[in-house]
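Convention: sequence-line order gives letters A, B, ...; per-chain numbering from 1. Values reported hereafter were calculated over all heavy atoms of this structure, with side chains retained and with hydrogens, waters and symmetry mates removed.
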Amino acid sequence: MTWEDDDFAPESAHRHHTRPTRPTYIPPHLRTINPHYTSPPQHSRSPYFPEPTPFRRPPLLNPSGSSSSRRGGRWRRGGGAPRGTDAPRRSPAPRFLPPKHYPYDDLSEKLDELKVVEEDAVDGASSKGNAINFEAYDDIPVEASGENVPEAVESFGEIELSEGLKENIRRCKYAKPTPIQKHAIPIAVAGRDLMACAQTGSGKTAAFCFPIISGILKNENWVKVAGSGRRGGTRVAYPSALILAPTRELSCQIYEEARKFGYNTGVKIVVVYGGAPIVQQFRNLEKGVDLLVATPGRLVDMIERAKVSLSMIRYLAIDEADQMLDMGFEPQIRKIVQQNGMPPAGKRQTMLFSATFPDEIQRLASDFLSDYIFLTVGRVGSSTDLIAQRIELVQDIDKRNHLKNILRAQRDNEPFGKSSLTLIFVETKRGADSLKHWLSTSGFAAVAIHGDKVQMEREQALKAFKRGATPILVATDVASRGLDIPHVSHVINFDLPKDIDSYVHRIGRTGRAGRSGLATAFFSDKNMPLAKALAELMKESNQDVPSWLSQYAERSFNDVGQGRRYGGSKFGAHDFRNDSYIGNGNSDYSSAYYGGDSMVDSHSSPTRVGYVSPTFGVRADFYGPASHGTGFGQEPVVAGGWE
DNA sequence: AAAAAAG
């Protein structure tokens, strides 16, 4: 670094203390309408997030310097007239401009929601409906392997995060880190690369957002050269951090989450994804971007159009990393990470997160990492015990009627509504539409979401579902990963996925933040190949495995090539580097273990590490104990045509 | 053989 700390100090002092009178804050949605708008009365917004004060970057350290890249710095440009023009602009706009489609009102609302949830958590009241049930996490085994693993912490206070961020964490009422956060954040703050596996719904987003935002704030000197500049007459954005996610909706969700954490810190966060007008996204980028959240396709497009450069990236986080490195996505990810000017591993910090991480993908992923730490909270690819899993033997032809019975019983038990959402997964996009249509004509208001719908429809469907306006959502795998939809009490796998990992992610849409949930699956003859993995997974999660499923599982020996552990399934808290067959140079990874029962030698047998199941109340009678029954119960069935 | 991600 060429800048001296001392040079920088007065600047930040200036930022905090001298606040000359500035124009009244004008909410974005009213800015162009009435420049003399005065802010609404205080009570209309969250007391925890007072009216935002426009953030000002400290003045440039070398104002006389006239390098064009600095002149193009994005905190200078914001709201100012174009160079060489004296044309009056609309009112002196504050610098902290959220993208138009996410106005502050929306943000405040989300924050209030979050506040309620977290206040309950503070009481430690696991009995309350909304509480984050931390007890549920207490006995989860944690494994961290790699060299010099930084120590875990017990509170956010112990972690060196920048003050602005800590303030936001407090505002969000995040009282206490979840297990993945306790371990991952110190590792990330120490600048280490990380491959992290944690169960669905356990707080991964914050685990990578906190270190990134904190890092950006602590490295303002460095960030100064990022932001935006010019190349060939067009503005180029130079983000210093990039977060990638596999679906558009997930990108938006991460973006909104990150916005909360970066609130009023001056860290500029932008999201880009396909299916939405690219021009608007260009505009957002031109206002400057420190942290870019993106789906791969749109990002590559923007790189090729020279609207975004990755040459200044310091932090790279890939959410759902196993899917992102799987066949369909891998070429695009390589393009982004290896072929377009992004600093190589070691010169940037890379963090990969997912609930599932098959060995072969771990191997691939290590290309992107340097001296990384492998962290598991819970098992790789296991589901939480908080989700009660029911597997029912239902042939394709009976599925609709069976579903109707379930939904009826459910409705009798507790009316559908905002607090009781049902998410139904199907295999195909066509199947989603047709099931949705059938449900609607059968008296169950449903919406569908899948990749053939235009983005607007997708977002509207999700919104209607979240609100409870349409408490049934029929979805393809577009909704299987990452989406945090509060109050999904029931996930139904109308069609089981081919891949056990996908199953894990799908059922993970319920049972979030330590709450319990129910997952029902219709198992048909077609799903035979999944029997073994499914039975293993259920056993691991302390579920009762129907005896017919166990029998199927035993009979299935056609799963060669699926990996050596656990009958071909892909779980096990496991750093693939610890496999002895990897050979020299990898045997010196030390392993650190935390948590009760996890003290096993990972080099020896693949013996299961048991852990105590937290108590939870699952409404096993959610839709009645097979009273509506189909009769497929525990009797073993031997299906023909499969072997 | 399907879904997702660019248009």
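Here the side chain of A/Lys429 is nearest to one of B/dA3, B/dG7, B/dA5, namely B/dA3. You'll find that the side chain of A/Phe329 is closest to B/dA5, out of B/dA5, B/dG7, B/dA3. Taking the side chain of A/Asp301 as heavy atoms from C-beta on, and the options B/dA5, B/dA2, B/dA6, the nearest nucleotide is B/dA6. When each of B/dA2, B/dA6, B/dA5 is scored by its nearest atom to the side-chain atoms of A/Glu427, the top-ranked nucleotide is B/dA2.
No engagement by A/Arg481 is indicated, since no non-hydrogen atom pair under 4.0 Å with the nucleic acid exists. Using a 4.0 Å heavy-atom cutoff across all strands shown, A/Lys498 reaches at least one base atom of the nucleic acid. Backbone-only contact: A/Gly274 has heavy atoms under 4.0 Å from sugar-phosphate atoms and none from a base.
When the P atom of B/dA3 is taken as reference, atom CE of A/Met324 falls 19 Å away, rounded to whole Å. Between A/Gln332 atom CD and B/dG7 atom P there is a gap of 11 Å when expressed in whole angstrom units. One interatomic measurement links the two molecules: CD1 of A/Ile449 to P of B/dA3, which rounds to 14 Å at whole-angstrom precision. Counting to the nearest Å, the C1' atom of B/dG7 and the CD atom of A/Glu304 are 12 Å from each other. Counting to the nearest Å, the C1' atom of B/dG7 and the CG atom of A/Asp452 are 14 Å from each other.
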Checking salt bridge (charged side-chain N to carboxylate O under 4.0 Å, His left out) for the pair A/Asp433/A/Lys429: CA distance, chi angles, key distance, verdict?
CA-CA 7 Å; A/Asp433 279 332; A/Lys429 293 179 272 203; over 6 Å; no

Please test A/Arg509 against A/Asp484 for salt bridge (charged side-chain N to carboxylate O under 4.0 Å, His left out), starting from the C-alpha separation and ending with a verdict.
CA-CA 7 Å; A/Arg509 295 319 96 214; A/Asp484 190 46; over 6 Å; no

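With hydrogens and angles ignored, the 3.5 Å screen pairs no side-chain donor or acceptor of A/Glu286 with any backbone N or O of A/Arg235.
Under the side chain to side chain contact (heavy atoms under 4.5 Å, CB included) rule, A/Leu194 has a single partner from A/Phe374, A/Tyr372, A/Phe353, which is A/Phe353.
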